[in-house]
Amino acid sequence: MDRPYAIEMVHITKRFPGIIANDDITLQLKKGEIHALLGENGAGKSTLMSVLFGLYQAEEGIIKKDGVEVSIKDPNDANALGIGMVHQHFKLVECFTVLDNIIMGVEPTKMGFLQKKEARARVMELSERYGLKIDPDALIEDITVGMQQRTEILKMLYRDNEILIFDEPTAVLTPQEIDELMEIMRNLAAEGKSILFISHKLNEIMAVSDRCTVLRKGKYIGTVETKDTSVEQLSAMMVGHDVNFHVQKKPAQPGEVVLNVEHMTVASKMHKKNAVRDVSFKVRKGEIVCIAGIDGNGQTELVYGLTGLEPVAGGKVTMCGTDITKMPIRKRNILGMSHIPEDRHKHGLVLDYSLEDNLVLERYFEPEFTSRAGFLRRDNIRKYAENLIDEYDIRSGQGPITMARSMSGGNQQKAIVAREIDKDPELLVAVQPTRGLDVGAIENVHKELVAQRDAGKAVLLVSLELDEVMDVPDRILVMYEGEIVGELDPKATTQEELGLYMAGAKRDEVKE
Amino acid sequence: MVLLLQYTLTFASVLILVALGGCFSEHSGVINLGLEGVMIMGALGGALAMRYMPTNSTPIAMLLVVLLAAALVGLIYSSLLAVACINFKADQTIVGTALNMLGLAGATVIVKAINTAANPDDVSSTIQFAGAKRSFLVNIGSFEFSWFMLVTLILLIVSYVLLYKTRFGLRLMACGEHPQAANSVGISVYKMRWAGVLISGVLGGLGGIVFITAGVSEWRFEYGVAGFGFLSLAVMIFGQWKPTRIALAALLFGMFRALSNVYTGFDFLRVLNIPSQVYNMMPYIISLVVLAFTSKKSRAPKAEGIPYDKGQR
Amino acid sequence: GNKDDNGGKTGDYKVAMITDYGDITDQSFNQTTYEACKAFAEKNKVPFEYFKPNGDNTADRVAMIENAIEKGYNVIVMPGYAFGGAIVEAAPQFPDVKFIALDVAKGDLLEAGVAAKGEKYDYTPDNWDLSKYVDMSNVYCAIYSEELCGYMAGYAAVKLGYKNLGFLGGMAVPAVVRYGYGFVQGVNAAAADMSLTDVKVNYVYGGKFSGDADITAVMDTWYNNGTEVVFACGGGIFTSAVDAAKKVNGAKVIGVDVDQAGVIASYAAGEGADQATIDGYKALTVTSAMKGLYPATFDTLTDVIVNGKWDNYKGKIVTLGLVSADDPTLNYVQIPMESTQWKDGAFTKDDYKTMVKAMFDGTVKVSNDTSKAAKDFATVITVDDQGQIK
Amino acid sequence: MKKNILKNDGVQSLLASLICILLGLLIGFIVLLFINPSGAGEAITAVIKNFLNYSKAATQAKYLGNTLVKTAPLLMCALSILFAYKVGLFNIGAAGQYCAGVALSLYAALAWGWGWLPCMLLAMLGGMVLGAISGLLKSYCNVNEVISGIMLNWIVLYLTNMLLTNVKEATSPYTFVLAHKNPSAILPSLGIGSLFNNNGYVGLALPLSVLAAVAVWVVLEKTRFGYELRATGNNKNAAKYCGMAEKRNIILTLVISGALAGLGAAMLYLTGYEQWQCSTSSVPGMGFNGIAAAFLGGLNPFGTILASFFIQHITAGGAYVDKSMYCVQISDLISSLIIYLCGFVLFIKYAMNVGIRKREEKATLKEKEQSETPPADANTGKGGDQ
Ligand SMILES: Nc1ncnc2c1ncn2[C@@H]1O[C@H](COP(=O)(O)OP(=O)(O)OP(=O)(O)O)[C@@H](O)[C@H]1O
Ligand SMILES: Nc1ncnc2c1ncn2[C@@H]1O[C@H](COP(=O)(O)OP(=O)(O)OP(=O)(O)O)[C@@H](O)[C@H]1O
Ligand SMILES: [Mg+2]
Ligand SMILES: [Mg+2]
């Protein structure tokens, strides 16, 4: 099937200070195909797409549309050429309605006045045609990520874009939403639209793409027909060696209870209903317990309550026998709680601090890093940071003094994981620790979690990803609408059953 | 009572205009701390127009030319903010502060130079406009109506429509909330921000001319505009960046300002014998208290103050 | 190389004026002093320059004095009581320089002088011997009896039929306060003479020497509530009073320092107005409380520099007030003969002359005690003291 | 490869500030030329010379002293701004905090006859209280510190006028002269005054303000406390996450910032240099000029010392301009131009870096060309499709 190329990016080179993000890359997108782009964190995928979308200018190379060379200086040009992009981090105006976001930039007007009625009719029509359910009058800040994503897609469709770029669209979606998205992408391709699709999840690529291009460290590695390849081959192309997808671990040997949660209730910020309702569970030494569930069922609040980021409305939390229900965060940390936060930019890092300063964020006050008189011991901090960077393979431009802001999301995450694990905690609360990481990095994080468990620590994992939920933990607790509706043994359950619990279709009376 | 109304409306007009200016600028993502300076410069433009317009001009011509001059000078002056903060990504705080100082010093130097050039003995920074000022005023009974009040009302309505009913407003606000998003749908953030800042220059400049003509028929430029630019920023925040609320906030502030001067006309206030300083403090105290209770939910345009860099995520 | 120590050769002199905090266009004492100095300098071909200190404090004033002297100026003219400290500090350092201070009183000098000697000042000048504390050998100070012309204006206004008056001071500096207290005393005296008990004075300070919307609002309030005439006392603050007065039929103002009828009329008429309009607005000004700042400065400089009579001046603090019982125009404080709105049967030039005579004789006494409050001078009238606008 | 000193951030900041100063002076000069070409050169030199306008060394020293007297409070206000700014807060309320310092130090000295030390501490306390109000409003009520600062500035101004009206003569708008009313409240000279031709105003304030600059630097850069404050300023959620008391830190920052500004007021008013004028209609400019000094100093405490002096220097220099040709505001014009240009510092530094990089790249390219044998690029075919 030799279809013509819709887009050709030929010999693209894009440099950033100190790094060649795209080194002579050629990418050809056929009409009507779904073309996956694969690569480790920082391989240059987003950069390449940003070049195509006009956010960056390549130093070398040309872009052709339908065989004709075009110049794309900014997103305006891209839009004009029918190129649309769903960005890795959504580009939606939070305090605008869904409708406003969709029509922005191509608003129908009469004498400068907005004609929203007209726009709404078209949006609703598109929404129906592609099965993209939205509420046009809801504010973005009030809707789920899934709906935000659908808004982004509608944005592209509303513009009649022919070429659609999806940069890691599935990283924040629930399994059901991912399935829906795959379906939508297939439909779009069937209509003749050409799709570029970035994902770290190989099974998605296998499931939906026609061809796949692999980048590594800014270089072009190769393009393969998906049907002729395998997950193993792809991952080998991507990282240069074989990757283990299944977490290797010995059976757990749970010891005494580290974390004991009794009848915990946490209020919700948004709604009147409590976000966490009367939840009780235990985590023991030497086991990984996973809280599973669809996003928005109270996991975030549960963790906030456990870690002290939000006050608890009722119930009791004890850790290692100490009542920590009302304990300040600092004391919890000292007592041995580590926390890999869900939102690394909001909580996990001080983006304008150097990497080394971020690495001691939980420990700077210890005598090792602060003298009696209150002065920081810079030498020790540097040494400590260098060790961690080495040990956890945290990649950055300038080592310890790199600004956290300039690091890639994956490496930022690694820094946090390193920091939290190196604290040698009694209890490790890891919330979506692998979000946005490439397979290699995921493997490493998973290994670390298991190593912690084997070292006799208690690990509480919160995850939205089914693979992770099935592979990593020793026990699964499913949360639905703020309650724990079931406890499952990952070895004795299936993804389907788990899905039923997560969707609220099935529930047990959990003991205790 | 009529006086209270008159001065409330007078002060409120100034505050509404300038606060709306700030509002446009901030909705586009640029904090215009330099409104005080913009006002002075706008006032200078208007005052010079009044000085150089032939005295026999028709009132309507006078009004238009003065408004135009004030708006134009305000616009030109605000472009100093725009070029620094938008194109050169300068810190908006420092540039705004500099523009306040520069406006005061610059206007004074210019007026003094003009005065001295006309008459070597006149080193004053004063411009007189008693004659020209008459073009703006209409007496309705004992109420001295100023066309500026009407202009303010019109601009208030225009601002509302512009922000909420037009393509321009939607795009402008997008740039202040999430410039990357705006840019990704083909809106030129730089252009919109320029537009926001220039509009704030126009409105700030108009506010300046309304301010200096409010009470007297001459103005000494070295006195500046007595903090009205800053007060307008307070009004803007108090009004939650929304034109209608800004108008209400401005009326409240204006009323207290007026009251501090005309309270002796009210017997019940007279007998309370509160020092006028207390009345002067009132708007500030009240707004602080109100802000303390209402700010939990307060939200400024998200991207304001942050230079736009199209490569940033 | 100067044969005659008393001067007498204009070529040896250079005159410098140091301004107070306001500048030479303050429509008040800085401006008048400047104009007088300049006129003198041009007439006698004496180099003249004015200097403006950087800040509103003694140290910066001394700096400018020293700067002027450094540039060769040897007659330093300083308007304003705030120069007390500067004189005490600078005069002894430059014995060859002549310091002429206007509005600087004994108390202003004592405050700095006593402290310089390490003693504590009690703010009662009469308890102190100035010569012990301040070296006055090259200093001449002149102060005016503003209370006298304030009195005249207040007296005249009531006599001319106004019962509802106002006093709008600039800043509460000694000269302005003396004007105000004199004005209240004059109003009170006239009311007493006429056996009126319903005369009222609104009394306020604007806090600055220029007008603005806030001050105009206060003036509007006054005029709207029946005030008929306001004594606008301080630099350009009359602008607010005039703008308010223009809106109310029959509302009037009283000028200050010089005969302001013309200035006020042209301000009210607006720029570019024809002479007839301006003349029409002259009716706005009932009278002006004048002090002879200009002639005093001009004459003193002439006497010292041209006539070489520094000996008559140095070391003195002179109060300039009434010098003639019969010709009021010779006095340092007066109200204008021409522009005052004399009214037959109420108050005429002759009545004015009689009043001045009585004042000169001491039959009529006007207090210049600024330690009191304005109210303290009211016996038959009411004074509504509204403090300060800002 | 040897290290390019131009790459050093400090050097770059200094250079950038110098560029701003030169450009500012140049534009100022052009304005002068416009107004009156004949005296422009003289006027601009007068501004730059300031105390050097006097011919005798002793007099120069004296007036250098005067400039320094006003530098100390300016430096304190700049430090106040800088401290808060480094912690992510914009303390525009420094002007009001300074004003509160004036009110309290003068009132305590004049009404209660306190000595200089308690007066100074009270001034500091005044600033701290105001800072605390802003801080509390910010951390508990989400009121932006800029807006509360602006409001408080005005409130404090009126309160100051009201309070200090009680310590002035009835017929003068100025507060009593401190040296006369209560000499014990005058800051000790420590013999420093004698270095400046016995300038009685110079004394403790000068070394104290420099010390404050050092202290600010040490606290921010070297201590755990500074680490916490900056973290809170940059990301208060992260600060909370890692167990810092983020609310307390915000309040503390503004309290310290207020203390610096309040102290600055005492450092000027307790020298007796200045009296308060009780019908003042706007807060003293010192707080706003502090913003300028902080930025001109590259937001570095040491740079701020120089910047404060420089700004004070040319402000004072404005007095020596020939008033028959130009007005005093000329020096304000020049300093505000310089401050405006400071906004471009980032860009200037960026441009420098780009320039340096370009040069380096060229250099390495050359090196490569010289050392490398013609490239045998094996990977030429890699771009193709298969
Ligand atoms: N704005 C920028 N400034 C400097 N360097 C950049 C910039 N953007 C990207 N880079 C560099 O380019 C490299 C490739 O980045 P890119 O975002 O394309 O990675 P990616 O393949 O999308 O990674 P991920 O899988 O993490 O999304 C990064 O390692 C980074 O060093
Ligand atoms: N402002 C910046 N300055 C310098 N480099 C930057 C900047 N922003 C991004 N980068 C670089 O861009 C690269 C990719 O960044 P980005 O945040 O897109 O990663 P990502 O795609 O989210 O990665 P991940 O898949 O790990 O989440 C990083 O390696 C980082 O070094
Ligand atoms: Mg990416
Ligand atoms: Mg990513």
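Proteins get letters first, then strands, A, B, ... in listed order; numbering begins at 1 in each.
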_Atom pair CG (C:Asn224) and OG1 (B:Thr264), whose distance is rounded to the nearest 0.5 Å_ = 10.5 Å
*Once you round to the nearest 0.5 Å, how far does NZ of C:Lys246 lie from CD of B:Glu144?*
9.0 Å
*Who among C:Thr277, C:Thr221, C:Val242, C:Thr239 has the most heavy-atom pairs with chain B under 4.5 Å?*
C:Thr221
*What is the minimum heavy-atom distance between B:Ala130 and C:Gly270, and which atoms define it?*
CB-CA, 3.4 Å
_Neighbour count >12 (heavy atoms, 6.0 Å) for atom CG, C:Asp274_ = yes
*Using non-hydrogen atoms only, which part of B:Ala226 is less than 4.5 Å away from chain C: side chain, backbone, both, or neither?*
neither
*Output the distance between atom CD1 (C:Ile215) and atom CG (B:Asn261), rounded to the nearest 0.5 Å.*
8.5 Å
*Tell me, side chain or backbone of C:Asp214 under 4.5 Å from chain B's heavy atoms, or both, or neither?*
both
*Against chain B, label C:Ala244 side chain, backbone, both or neither, depending on which of its atoms sit under 4.5 Å from a heavy atom there.*
neither
*Is it the side chain or the backbone of B:Tyr223 that comes within 4.5 Å of chain C heavy atoms, both, or neither?*
side chain
*Within-4.5 Å side-chain heavy-atom neighbours: C:Tyr267 and B:Val216*: yes
*Go through the atoms of B:Arg51 and report whether side chain, backbone, both or neither lie under 4.5 Å from a heavy atom of chain C.*
neither
*OH-CD distance between B:Tyr263 and C:Gln386, expressed to the nearest 0.5 angstrom*: 6.0 Å
*Tell me, side chain or backbone of C:Tyr50 under 4.5 Å from chain B's heavy atoms, or both, or neither?*
side chain
_Between C:Val204, C:Asp212, C:Asn202, C:Asp220, who has the most heavy-atom pairs with chain B when the cutoff is under 4.5 Å?_
C:Asp220
*Picking from B:Glu218, B:Lys133, B:Gln6, which has the most non-hydrogen pairs under 4.5 angstrom with chain C?*
B:Glu218
*Tell me, for B:Phe211 versus chain C, whether the close heavy atoms (under 4.5 Å) come from the side chain, the backbone, both or neither.*
neither
_Please identify, among C:Ser210, C:Gly387, C:Gly236, the residue contributing the most non-hydrogen atom pairs under 4.5 Å to chain B._
C:Ser210
